[in-house]
Amino acid sequence: ASKCDTNGRCVPCSTNADCSGFPSLPYCENSICSTIEVNLLNAPDFINLNQMFSVEAKVQTTEVSHELELFVATAGVQYKQDGNKLHIEEFAGSKAIPIPLNYTILVEVITATGNRNTKTYIIPVNQLPFGGTFSANSTMKVLETAVLKAAGWTDPENDTPLKYAFSYMEGVFSYFL
């Protein structure tokens, strides 16, 4: 079977330079110009660190056989590849690994003949809200009613309404916005 571009054009070649008019990283394979195109589907506009998500890679190549590698190059991010899907876990973080500003996802296609295309996707992390205050009108004793107030917060991605959680352990009050 002859190899053609996605528009059905079959272009003869003897070197990669003969394929310079082709889109998507062209190369000469078996005397026909060939291409590899990679796209990431379902990518979020920004990452919520406390949510799992999945993305999917779509590969278009004129070659019949290829391998697909998906991985996250951001330190501390746990993920698993399942075929053409990449499942990314909640960010666990630690003192040794700072909260990232972006996730870098790499998609690499390697054809049976050794040609490859790697595409990098950078997705920003949802930034923390800022500028507000949190207060409690109580000493937070057991069975005491308390009024909690979070006011004046701004979210850079306008991801509202803001949600918060709080907890009380004897002598310690903590909150998460």
query: Quick one: CG on Leu128 to CD on Glu157, what's the gap to the nearest 0.5 Å?
result: 9.5 Å
task: Over all heavy atoms of both residues, which pair between Ala43 and Val55 is shortest? Give the atoms and the distance, please.
output: CA-CG1, 3.8 Å
query: Is any side-chain heavy atom of Lys85 less than 4.5 Å from a side-chain heavy atom of Ser54?
result: no
task: Using a 4.5 Å cut-off on heavy atoms from C-beta on, say whether the side chain of Val77 contacts that of Phe91.
output: yes
Interatomic spacing from CZ in Arg116 to CD1 in Ile110 - rounded to 0.5 Å: 4.0 Å
field: Minimum-distance pair of heavy atoms, taken over all atoms of Pro156 and Pro129
entry: CD-CA, 4.4 Å
message: Distance check, rounded to the nearest 0.5 Å: Asn115 atom CG versus His66 atom NE2?
response: 13.0 Å
Show me the donor-acceptor pairs within less than 3.5 Å that the side chains of residues 119-126 make with the rest of the protein, sequence neighbours left out.
unit_1 : atom_1 : unit_2 : atom_2 : d
Lys119 : NZ     : Val38  : O      : 3.1
Tyr121 : OH     : Val38  : O      : 3.4
Tyr121 : OH     : Leu40  : N      : 3.1
Asn126 : ND2    : Asn48  : OD1    : 2.7
Asn126 : ND2    : Asp159 : OD2    : 3.3

message: Within this structure, what is the OG1-CD distance for the pair Thr118 and Glu69, rounded to the nearest 0.5 Å?
response: 10.0 Å
task: Would you confirm whether Trp153, through its side chain, and Thr133, through its main-chain N or O, come within 3.5 Å as a donor-acceptor pair?
output: yes
Same apolar cluster: Ile105 and Phe46, side chain cutoff 4.5 Å: no
hydrophobic_cluster_shared for Ile88 and Met52, side chain cutoff 4.5 Å: no
- line: Taking every heavy atom of Leu70 against every heavy atom of Gly83, the minimum-distance pair comes out as CD1-O, 4.0 Å
- request: Answer yes if the side chains of Asn84 and Glu56 hold a donor-acceptor pair under 3.5 Å, and no otherwise.
  value: yes
- prompt: Side chains of Thr104 and Val72: does their closest heavy-atom pair fall under 4.5 Å?
  reply: no
query: Can you tell me if Glu90 uses its side chain to pair, donor with acceptor, with the backbone of Gln51 under 3.5 Å?
result: no
- prompt: Is any side-chain heavy atom of Tyr79 less than 4.5 Å from a side-chain heavy atom of Tyr103?
  reply: no
- request: Without swapping roles, check the side chain of Asp18 against the backbone of Ser14 for a donor-acceptor pair under 3.5 Å.
  value: yes
message: Can a donor-acceptor pair be found, under 3.5 Å and without considering hydrogens, that links the side chain of Gln81 to the backbone of Leu68?
response: yes
field: Pairwise distance CG(Leu49) to CD1(Ile99) - rounded to 0.5 angstrom
entry: 6.0 Å
- request: Hey, could you give me the CZ/CD distance between Phe71 and Glu108, rounded to the nearest 0.5 Å?
  value: 6.0 Å
Joint cluster assignment, Leu101 & Ile47, ILVMFWY side-chain distance < 4.5 Å: no
